[in-house]
Protein chains: 2
Amino acid sequence: MRIGELSARAGVSVRALRYYEEQDLLTSTRSGSGQRHYTESAVERVVFLQRMYAAGLSSRTIAELLPCVESPSEETSDAALARMAEERDRLSAHIADLIRTRDSLDALMAVNRAHRETLRTA
Amino acid sequence: MRIGELSARAGVSVRALRYYEEQDLLTSTRSGSGQRHYTESAVERVVFLQRMYAAGLSSRTIAELLPCVESPSEETSDAALARMAEERDRLSAHIADLIRTRDSLDALMAVNRAHRETLRTA
DNA sequence: CTTGACCCTCACGTAGACGTCAGGTTTTAG
DNA sequence: CTAAAACCTGACGTCTACGTGAGGGTCAAG
């Protein structure tokens with residue numbers, strides 16, 4: 001498929017796809033005229049990239065994890081696997097932090113609601 | 001206390017504190033010579049701001065929530081409370097998304113580890 | 001009274017993931 | 001065959017939460 005279709009199917013802009021390629025996160029074959037062509041698997045690759053970005057990883061970090069994604073059937077480098085474990089832990093800590101934040105928001109809302117109740121029944 | 005002490009106690013840069021004030025997220029009284037002075041409560045205010053930033057909220061959004069934080073003892077505007085609930089839900093969705101991402105990372109690591117085991121015992 | 005640590009206000013610099021416009025080629029529908 | 005739609009390569013613009021000097025007051029210590 002061409003870049004427009006991939007863009008539509010993966011839900012990201014054409015510009016973003018070119019950017020991913022520039023960052024060595026996505027590859028494409030080129031037609032004689034220079035247009036990019038992608039395989040079906042590119043869709044899930046892009047979805048994966050989106051996930052990683054959402055998890056707060058940078059392009060460079062994602063690139064370091066790619067060996068684990070691209071060739072789970074080959075010998076993946078220790079470094080890549082270790083990096084993945086590291087990012088997983090960082091993500092886990094971040095999740096815990098966000099949950100604490102959500103709890104404090106809940107507490108704040110409860111206080112405000114309670115006070116309103118007080119005002120209403122006064 | 002002056003800005004340097006608040007900076008040290010809250011663990012953020014002096015520049016960040018001035019920026020918060022510029023964004024109407026933090027107030028200070030000024031001495032005759034123009035230096036900022038803060039009360040003890042400023043420390044927890046700054047910690048709260050850090051939490052919100054970590055949760056992905058922008059300065060503008062945080063400012064919209066502040067009425068709920070500043071005056072839980074006054075009549076908080078419906079808008080602010082609604083905005084808070086909205087952000088809480090957004091945060092909740094984001095957390096769920098991150099957990100899914102973590103799960104997929106775990107799965108990826110498991111596959112890689114399993115394959116290594118296969119290679120080792122082959 | 002001077003030195004050094006701390007504070008002030010501009011105001012430009014930064015990084016990351018794209019958005020967007022320019023200027024030109026290619027593909028597709030009719 | 002032609003016009004619109006889609007694609008290409010630069011390359012500058014954008015937004016956010018600060019970093020980083022520049023140039024200059026202020027305050028406690030000696």
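What you see is a predicted model, and the numbers here were worked out from it, not measured in a lab. In what follows, chains carry the letters A, B, and so on, assigned in the order in which the sequence lines appear, proteins first and then strands, with residues in each chain numbered from 1.
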Do any N or O atoms from the side chain of B/Ser28 and from the backbone of B/Tyr38 form a donor-acceptor pair under 3.5 angstrom?
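Not at all, since once roles are kept as given, no pair shorter than 3.5 Å links the two residues.
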
State whether the side chain of A/Arg51 and the backbone N or O of B/Ser104 hold a donor-acceptor pair below 3.5 Å, judged by distance alone.
no

Checking side-chain polar atoms at under 3.5 Å, does B/Ser58 have a donor or acceptor matched by the opposite partner on B/Thr61?
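Judged by distance alone, the side chains do pair up.
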
Is B/Arg30 atom CZ crowded by more than 12 heavy atoms from other residues, nucleotides or ligands, each under 6.0 Å away?
yes

What are the two closest heavy atoms between B/Gln23 and B/Ala63, and how far apart are they?
O-CB, 4.5 Å

Closest non-hydrogen contact found for A/Cys68 with B/Asn112 is O-ND2, 3.1 Å

Out of curiosity, B/Ser31 OG to B/His37 NE2, how far, rounded to the nearest 0.5 Å?
4.0 Å

Rounded to the nearest 0.5 Å, how far does OH of A/Tyr19 lie from CG of A/Leu49?
11.5 Å

Side-chain N or O of [X] closer than 4.0 Å to phosphate OP1/OP2 of [N]:
| X | N | result |
| --- | --- | --- |
| A/Tyr19 | C/dC18 | no |
| A/Arg2 | D/dA5 | no |
| A/Ser59 | C/dA17 | yes |
| A/Ser31 | C/dT26 | no |
| B/Ser33 | C/dC7 | no |
| B/Tyr20 | D/dC18 | yes |

Close approaches to DNA chain D from residues 6-13 of chain A, in residue order (heavy atom, under 4.0 Å)
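When residues 6-13 of chain A is checked for heavy atoms under 4.0 Å from DNA chain D, there are no hits whatsoever.
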
What is the distance, to the nearest angstrom, from the [atom1] atom on [X] to the [atom2] atom on [N]?
| X | N | atom1 | atom2 | answer |
| --- | --- | --- | --- | --- |
| B/Leu17 | C/dC7 | CG | P | 10 Å |
| A/Glu22 | D/dG10 | CD | P | 10 Å |
| B/His37 | C/dC7 | NE2 | C1' | 10 Å |
| A/Met1 | C/dT28 | CE | C1' | 19 Å |
| A/Met52 | C/dA17 | CE | P | 14 Å |
| B/Leu26 | D/dC18 | CG | P | 12 Å |
| A/Arg36 | C/dT25 | CZ | P | 17 Å |
| A/Gln50 | C/dG16 | CD | P | 18 Å |

Can you tell me whether the side chain of B/Arg15 and the base of D/dT20 have a donor-acceptor pair closer than 3.5 Å?
yes

What's [X] touching, base or sugar-phosphate or nothing? Going by heavy atoms closer than 4.0 Å.
| X | result |
| --- | --- |
| A/Arg18 | base |
| B/Ser58 | sugar-phosphate |
| B/Ile62 | nothing |
| A/Arg60 | nothing |

Before accepting this row, confirm whether a basic side-chain N of the pair B/Arg100/B/Asp103 lies closer than 4.0 Å to the acidic partner's carboxylate O.
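B/Asp103 and B/Arg100: not salt-bridged.
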
For the helix from C/dC1-D/dG30 to C/dG30-D/dC1, what angle separates the axis at the start from the axis at the finish, each from five pairs, in steps of 10°?
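That helix has its two terminal axes inclined by roughly 10°.
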
Side-chain heavy atoms under 4.5 angstrom apart, residues restricted to Ile, Leu, Val, Met, Phe, Trp, Tyr: same cluster for A/Ile99 and A/Leu108?
yes

Under 6.0 Å between ring centres, would you say that holds for A/Tyr53 and A/Phe48?
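Not close enough - the centres of the two rings lie 6.0 Å or further apart.
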
Need to verify one output field. Residue with the more 5' nearest nucleotide on DNA chain C, A/Gln23 or A/Gly32?
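Final value for this comparison: A/Gln23.
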
Side-chain atoms of A/Gln35 come closest, of C/dA17, D/dC18, D/dC8, to D/dC8

